[in-house]
> 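Sharing a structure below in structure tokens format, with a few things to ask.
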2 protein chains.
Amino acid sequence: MSQNAQQHSQDRKRGSGVRLVYDVLRDEIISLSLPPGSPVDENQLAERFQMSRTPIREALVRLAGDGLVTTLPNRSTVVSNIDFLSLPAFFDAITLMYRVTTRGAARHRSDQDLERIREHQAAFAEAVKSQDAMAMIATNRDFHAAIAEAGRNPYYATLFSRLLDEGRRLLRLYYSSYADQLPQEFVTEHEQMIDAIARRDLDAADRIAAIHADQIVRQIQTLISEDRRDQIGL
Amino acid sequence: MSQNAQQHSQDRKRGSGVRLVYDVLRDEIISLSLPPGSPVDENQLAERFQMSRTPIREALVRLAGDGLVTTLPNRSTVVSNIDFLSLPAFFDAITLMYRVTTRGAARHRSDQDLERIREHQAAFAEAVKSQDAMAMIATNRDFHAAIAEAGRNPYYATLFSRLLDEGRRLLRLYYSSYADQLPQEFVTEHEQMIDAIARRDLDAADRIAAIHADQIVRQIQTLISEDRRDQIGL
DNA sequence: CCTATCCAATGTGTCGACAAAAAGGATGCG
DNA sequence: CGCATCCTTTTTGTCGACACATTGGATAGG
């Protein structure tokens, strides 16, 4: 699906091909436009993007490094599955990253960081206001990624981004139908977070981040168990 | 340096080339056999490993994903530098990972995990006994990686491995000269760690891991500041 | 003598093609 | 009629070659 055409032929710059393919595929995977398990065919992509298989392969190698696709040797590459067995590990890790990045932001933020964070929060509030679930998920991710940036710890920021992306896949899996979730509560929690970061109050930032993480984890768990019940009911 | 010859020509299996190059280069980078900043030439590697540039490039892309090499567009690829400015972030992250992986191991370990951990600890003790600094560093890494495995959280295990590898590079930078460091203290701390994990005592595991991390961080800091003094003295 | 421009040389990014490996279907046997 | 085997087809892994970008040196100008 989504056989969006690329620019016609040979007008792209020298190193841009890989980046383009990587970005597009990454987005399609995260947005579930490419559902987990779908095969990723190199020839098909080569034709779609009007380029040789070489840059395609490089993009796939990088996506595999991010864990977004899984390469079966001598066999096809597929979009990585969402592993429900390791959900507890996921919840554990993302909760910890919420905490340390927010705490780090409270400690290391510059004024410019704060401004950027506020911009993302505005975008998030806007998405909530207009009931756009997909936009909520995306802007929420950007908001927390900006906080992680302000925390000045690339190790945390990298892991957190990865976790947030996986969370995006998870949420999309459930939010596509009933799009009025993600309560106003999240907006106010975000505001409290910003306050704590602005005041450089490490403990408050940590505390509200933990609460926020719990909130999100519980929501995902609720969605999943509800879904399970439905499936059993069939 | 180290122009180790590979097996002659075309007797390697189909998907093994990339893995081989990746593993060899990774080891040479971590062991500082390839010092930070050294250029990584694709043609040169292609000749050295007796294969085309394609699998070489794929290995380099993966190494770049691990942060071990840095690719300058249209220019050479170089072994990533050790960034001393982000050392505080490194210390922060590795301390946290020491704690959560050890705590996780105390919670989720199987008996088999415990056995594996003890084996690695034996190897570490052996290295300490024989005053082999390089072996200490390597076996210490394996010991903690095994604990991380037992913690059953792939996110933590991945980040921790990466941090331990960077730590290996850091330590090698200083240990090459005076090789009698890494006191017996570390061995006993490891033993305490194993005890806590065996008893499934989460808090004790956390506590001893934090102490252990502090120990290591302080040691690295000492080495660096000593080294700085020497350099200024020249 | 110093500086700016041009040119050659080196090395990366991309391409099309070939070969090995696996998947799926056809065929023969029990 | 079911099952194993062979073959065909599809797709990946690897190769050698070419085109562009950058670098460093040579040359001309100030």
> Hey, which of these two, B/E58 or B/P73, hits DNA chain D nearer its 5' end, going by closest nucleotide?
B/E58
> To the nearest Å, how far apart are B/L60 CG and C/dG13 C1'?
13 Å
> Does B/R57 place a side-chain N or O at less than 4.0 Å from the phosphate oxygens OP1/OP2 of C/dG13?
yes
> Using whole Å, report how far CZ of B/F49 lies from P of D/dC15.
13 Å
> Whole angstroms only, please: what is the CE-P distance between A/M51 and D/dC18?
23 Å
> Should the pair A/H144 and A/F160 be assigned to parallel (<30°), tilted (30 to 60°) or perpendicular (>60°) ring geometry?
perpendicular
> How many Å lie between CD1 on B/I56 and P on C/dG13, as a whole number?
14 Å
> Which nucleotide in the set C/dA21, D/dC15, D/dA21 lies at the smallest distance from any side-chain heavy atom of B/R14?
C/dA21
> Please compare B/T54 and B/S76 by the position of their nearest nucleotide in DNA chain C and report the one closer to 5'.
B/S76
> If you compare all heavy atoms of B/A146 against all heavy atoms of B/H120, which two are closest, and at what distance to 0.1 Å?
CB-CD2, 3.6 Å
> So, OP1 or OP2 of D/dT11: does either fall under 4.0 Å of a side-chain N or O from A/R75?
no
> B/E47 has an atom CD; how far is it from atom P of D/dC15, in whole Å?
14 Å
> I need the A/I220 CD1 to A/L173 CG distance, nearest 0.5 Å.
10.5 Å
> Side chain of B/Y156, backbone of B/G104: donor and acceptor closer than 3.5 Å?
no
> Whole-Å distance between C/dG16 C1' and A/E42 CD?
14 Å
> Return the nearest nucleotide to the side chain of B/D41; candidates are C/dG11, D/dT23, D/dT14.
C/dG11
> Which nucleotide in the list C/dG13, D/dG16, C/dA21 gets nearest to the side chain of A/N74?
C/dA21
> By nearest heavy atom, map A/R53 and B/V40 onto DNA chain C; which one lands nearer the 5' end?
B/V40
> To the nearest Å, give me how far apart CD (B/Q44) and C1' (C/dT10) are.
12 Å
> What's the separation between atom CD1 in B/I30 and atom CD1 in B/I137, rounded to the nearest 0.5 Å?
11.5 Å
> Can you figure out which of C/dC15, D/dT12, D/dA17 approaches the side chain of A/N43 most closely?
D/dT12
